[in-house]
Amino acid sequence: MVNQKPLIAIVGPTASGKTGLAIRLAKKINGAIICADSRTVYRGMNIGTAKPTNDEMGGVAHYMLDLVEPNDAFTLYDFQRLVNKYIHEIRGKGQVPFLVGGSGMYIDSILFDYQLGDEPDKLLRQKLDKMNNTDLLSLIKEQHTEVPINYDNRRHLIRAIEQGGVNKNRRKSIINNAYVVGISTDKNVIEQRIRDRVNIMLDAGFVDEVRNLVEKYGDQEPFRNNLYGEVQKYLRNELTYDELIERMVIVDRQLAKKQMTWFRRNEQIEWLNIDAAEKRISQILISS
RNA sequence: GCUGGGAUAGUGAAGCGGUCAAACACGGCAGACUGUAAAUCUGCUGGCUCAGCCUUCGGGGGUUCGAAUCCCUCUCCCAGCA
């Protein structure tokens, strides 16, 4: 592995154009795309996740899409394990792996090589799920395990109990032979792109997609919130069609904002506009 | 044209003489977060020279020690009658 290709991570908020950019680059320099997205792993969640269509992929290999059913558990651990495997495989073929997506924690699990422990005990999890926050906190104190910073966040409480503390193995810098480029975007531009995309999704049959998913799987977490959640409200007649459009715009804007909050933690992201990003990545790949 | 109802911060909406810069929700801003993360959770959200002060509750005028809250009047909306 003398001449191993670098890992190119392309991050950015939803609707920033990272997918399109990655496909262009991958075509140009023989790359493969790994989708770093917590929702496109689910089969059937296509329109609302802006999952690239076969047409859009243009023959570029895409990994991590359609891995599980929406009612299957899919965690950070699964993501990390598979992505690392695919990075290895892609490099083995002499191709450049592009890690592209907007799921900050998932991306960091690769870039910062999170050391995740053993799989949590399912029975314990079931038991903890039934407890309220107060009891979870008492249990943590009883066990003298470290109380998480967000002690109002029950997920963190549950995790603290499962791992007997808080995992603090955060590396200071990203792994070797990797570059992270962030697609910087003007807020107003994103707003407009989101709005346009909402209409495109709706025209493409997004409402039917959600209806079918709910019929088939019930109300699963992957489609409880965000775009999917709003359509569910519409299906329950809690929103008019016009209200649905506005809510979808709001909820997607909020997603973009939350994504940015996560990305700001990583000081090694090179923020560039889409054209500059394309040049920069091409330059990295030529010199490596 | 008459009769009722209403106009409250970015929006919706409480408040109906003092404890109101004004509940709550939404929206917005900022943040935390290593196992469902597009999750979950936290703080802020009139202005300022910020433990205090100033300007707000459609406009104007009154009553009162004191008004978003009472009275008069004007403007605009909604409903019923013409």
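Every chain is numbered from 1 and lettered A, B, ... according to where its sequence line falls, protein lines coming before strand lines. In this text, all values refer to a predicted model and were calculated from it rather than measured experimentally.
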Is any side-chain N or O of [X] closer than 4.0 Å to OP1 or OP2 of [N]?
| X | N | value |
| --- | --- | --- |
| A:Gln254 | B:G27 | yes |
| A:Lys258 | B:A39 | yes |
| A:Gln259 | B:A38 | no |
| A:Lys187 | B:C29 | yes |
| A:Ser109 | B:U34 | no |
| A:Arg159 | B:A39 | no |
| A:Arg247 | B:C26 | no |

What's [X] touching, base or sugar-phosphate or nothing? Going by heavy atoms closer than 4.0 Å.
| X | result |
| --- | --- |
| A:Arg224 | nothing |
| A:Arg81 | nothing |
| A:Asp78 | nothing |

I need the [atom1]-[atom2] distance between [X] and [N], as an integer number of Å.
| X | N | atom1 | atom2 | answer |
| --- | --- | --- | --- | --- |
| A:Asp72 | B:G35 | CG | C1' | 16 Å |
| A:Arg265 | B:A30 | CZ | P | 16 Å |
| A:Glu246 | B:C26 | CD | C1' | 14 Å |
| A:Lys257 | B:A32 | NZ | C1' | 13 Å |
| A:Ile47 | B:A38 | CD1 | P | 20 Å |
| A:Arg264 | B:A30 | CZ | P | 5 Å |
| A:Arg155 | B:U42 | CZ | P | 14 Å |
| A:Gln220 | B:A38 | CD | P | 18 Å |

Practice task
Determine which nucleotide pairs with B:U64, using a 3.5 Å limit on both distances of a Watson-Crick or G-U wobble pair.
Solution key: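 When the pairing criteria are applied, nothing turns out to pair with B:U64, so the answer is none.
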Practice task
Counting Watson-Crick and G-U wobble pairs only, both distances under 3.5 Å, name the nucleotide matched with B:C44, or none.
Solution key: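 Answer to the pairing question: B:G28, which forms a Watson-Crick or G-U pair with B:C44.
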Exercise for the section: Determine whether any donor atom in the side chain of A:Asn225 lies under 3.5 Å from an acceptor atom in the base of B:A39, or the reverse, and answer yes or no. Expected result: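 No pair found.
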Assess whether a salt bridge exists between [X] and [Y], defined as any Lys/Arg side-chain N lying under 4.0 Å from an Asp/Glu carboxylate O.
| X | Y | answer |
| --- | --- | --- |
| A:Asp208 | A:Arg211 | yes |
| A:Glu238 | A:Arg247 | no |
| A:Arg81 | A:Glu119 | no |

Gap in Å between the two [atom1] atoms, one belonging to [N] and one to [M], rounded:
| N | M | atom1 | answer |
| --- | --- | --- | --- |
| B:G58 | B:C50 | C1' | 30 Å |
| B:C33 | B:G46 | P | 27 Å |
| B:G66 | B:G61 | P | 16 Å |

Practice task
Could you check whether the rings of A:Tyr234 and A:Tyr241 sit parallel, tilted or perpendicular, using 30° and 60° as the cut-offs?
Solution key: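 Correct class here is perpendicular.
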